[in-house]
Amino acid sequence: MTEQCVILLGGLGTRLGALTKDTPKPLLKVGDVPFVEVLIAEARRRGFRKFLLLAGYRAEVVENYITGTDVPGRFDCTVDISLEETPLGTGGALVNALPLLDESFLLVNGDTWFDFNWLDLVATSRKNGAAFGMGLRLVHSPDRYETIALDGTRVAAVRPRGAGLTEALINGGVYYVRRDVIEGLGMPSSLEGDLLPRLVAEGLVTGVAYDGFFIDIGIPETFTAAQTSVPARRRRPAVFLDRDGVLNVDTGYVHAAEDFTWIEGAREAIKLFNDLGYYVFLVTNQAGVARGYYEEEAIHVLHAFVQAELREIGAELDDWRYCPFHPEGTVERYRGSHAWRKPEPGMILDLMANWPVNTAHSFLIGDNPTDIAAAKAAGISGHLFPGGDLLAFSRAILANSAAESQS
């Protein structure tokens, strides 16, 4: 399982003038947070828990930012920093960091954000046997860029700039990388100039085209535009999912992996929402804790299993909440009413308070009237799942919503 996200922070950022005199470009604030924090947040919500920052220019500023703002604590992750004493290029920066690299990792440019389901790139690249997988964008009039020619899933060629094409796929700056392809690369070196041509010739590079918001903060015009476009993009609609009876067959107080059976289409429904850019949250009553059937720790273990199952297909739950309380509980400390127990909206409201949710386009899917009541109390719509195929049910919700917005 790929859990490491590597972020390239090198580069002087000279086109931004005085803005980067003392601050590396990825640490400049966009909205109210450093741009690199946007990337960390996006990777973290997709389950990447290990971060490696490749720092060159003003590396001490990067170190001070990580320690001074407690990035590991705020994002519940680990953060390592690889320092360059002299400029090494994008390839050399990875060679320099080889002892810190996992067997495979997600690699992203620190000054661009290509907003798509990064887990899908990882899962698809692994499925296709890639040593190097590229997230690609389709652009019109691409003469400013090198373009990518695909033969099925394989990258057949990287074409030079100025080819006169009407439209073409270009490199989006997000990659799945296997560590062994970095070994033997020189320092300094370039991913684009030294590594990629060799791997393409060996048939080891695959590409996947994605739609999605893209911004490069490297020039004054786009950096200014990012001040509003990036915060707006991060405010996403969310889908809130009940668990037992929606994601898994409800056999009564399910709390162990061996008793967890996926509802038809449930994993695929979660991936659909991931691919469409929704936040995907789990909200579940867990009265079995109050009744003494299992401990809270069992919930965490089961949800780790659920996440691992989802990541196999490039999907992820962004976050989850559970309520272990019940008015008739037999365990004293869990006995009683609680604002998080559905039909109360507490779990939903807490997620909304901690994530930039676009509530107007958010909704809940549950299998019980209490789920729908909780959604209503939180100010979002609720949909009662009757059983069957959750993917088909989810698609119908989205289709109805699209039709209503056009009417």
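Atoms considered below: every heavy atom in the structure, side chains included; atoms not considered: hydrogens, waters and symmetry mates.
The existence of a salt bridge linking Asp143 and Arg161 is excluded, since no basic side-chain nitrogen approaches an acidic carboxylate oxygen closer than 4.0 Å. By the 4.0 Å N-to-carboxylate-O rule, Asp389 lies too far from Arg395 to be salt-bridged with it. Comment: Asp76 engages Arg44 in a salt bridge, judged by a side-chain N to carboxylate O separation of less than 4.0 angstrom.
Residues Phe213 and Trp113 bring their aromatic ring centres within 6.0 Å. Taking the six-membered ring wherever Trp is involved, the centroid distance between the rings of His300 and Tyr322 falls below 6.0 Å. For an aromatic pair to be called close, the ring centres must be under 6.0 Å apart, and Phe132 with Tyr175 satisfies this. Taking the centre of each ring, Tyr334 and His326 stay at or above the 6.0 Å mark.
Judged purely by atom type and a 3.5 angstrom limit, Arg234 has no side-chain atom pairing as donor or acceptor with the backbone of Pro356.
Side-chain polar atoms of Arg178 and Ser104 form no donor-acceptor pair below 3.5 angstrom. Side chains of Thr90 and Glu192: a donor on one and an acceptor on the other come within 3.5 Å. When only modelled atom types and interatomic distance are considered, Tyr253 and Arg291 share a side-chain donor-acceptor pair under 3.5 Å. If you check the side chains of Arg236 and His361, you find no donor sitting under 3.5 Å from an acceptor. A donor and an acceptor atom, one from each side chain of Asn274 and Asn117, are nowhere located under 3.5 Å apart.
Ring pair Phe114/Tyr210 is perpendicular by interplanar angle, where above 60° counts as perpendicular and below 30° as parallel. Taking the six-membered ring for Trp and thresholds of 30 and 60 degrees, His255 and Tyr294 have nearly parallel ring planes, at less than 30 degrees apart.
Tyr279 is linked by a ring-ring contact (aromatic ring centres under 6.0 Å, His included) to Phe281, Trp355, counting only residues two or more places apart in sequence or in another chain.
Seen from the ring of Phe48, Arg311 counts as a face-on cation partner, given the 6.0 Å and 45° thresholds.
Side-chain atoms of Glu37 and Arg74, non-hydrogen and from C-beta on, do get closer than 4.5 Å to each other.
Note: Asn171 CG to Arg137 CZ = 9.0 Å, rounded to the nearest 0.5 Å.
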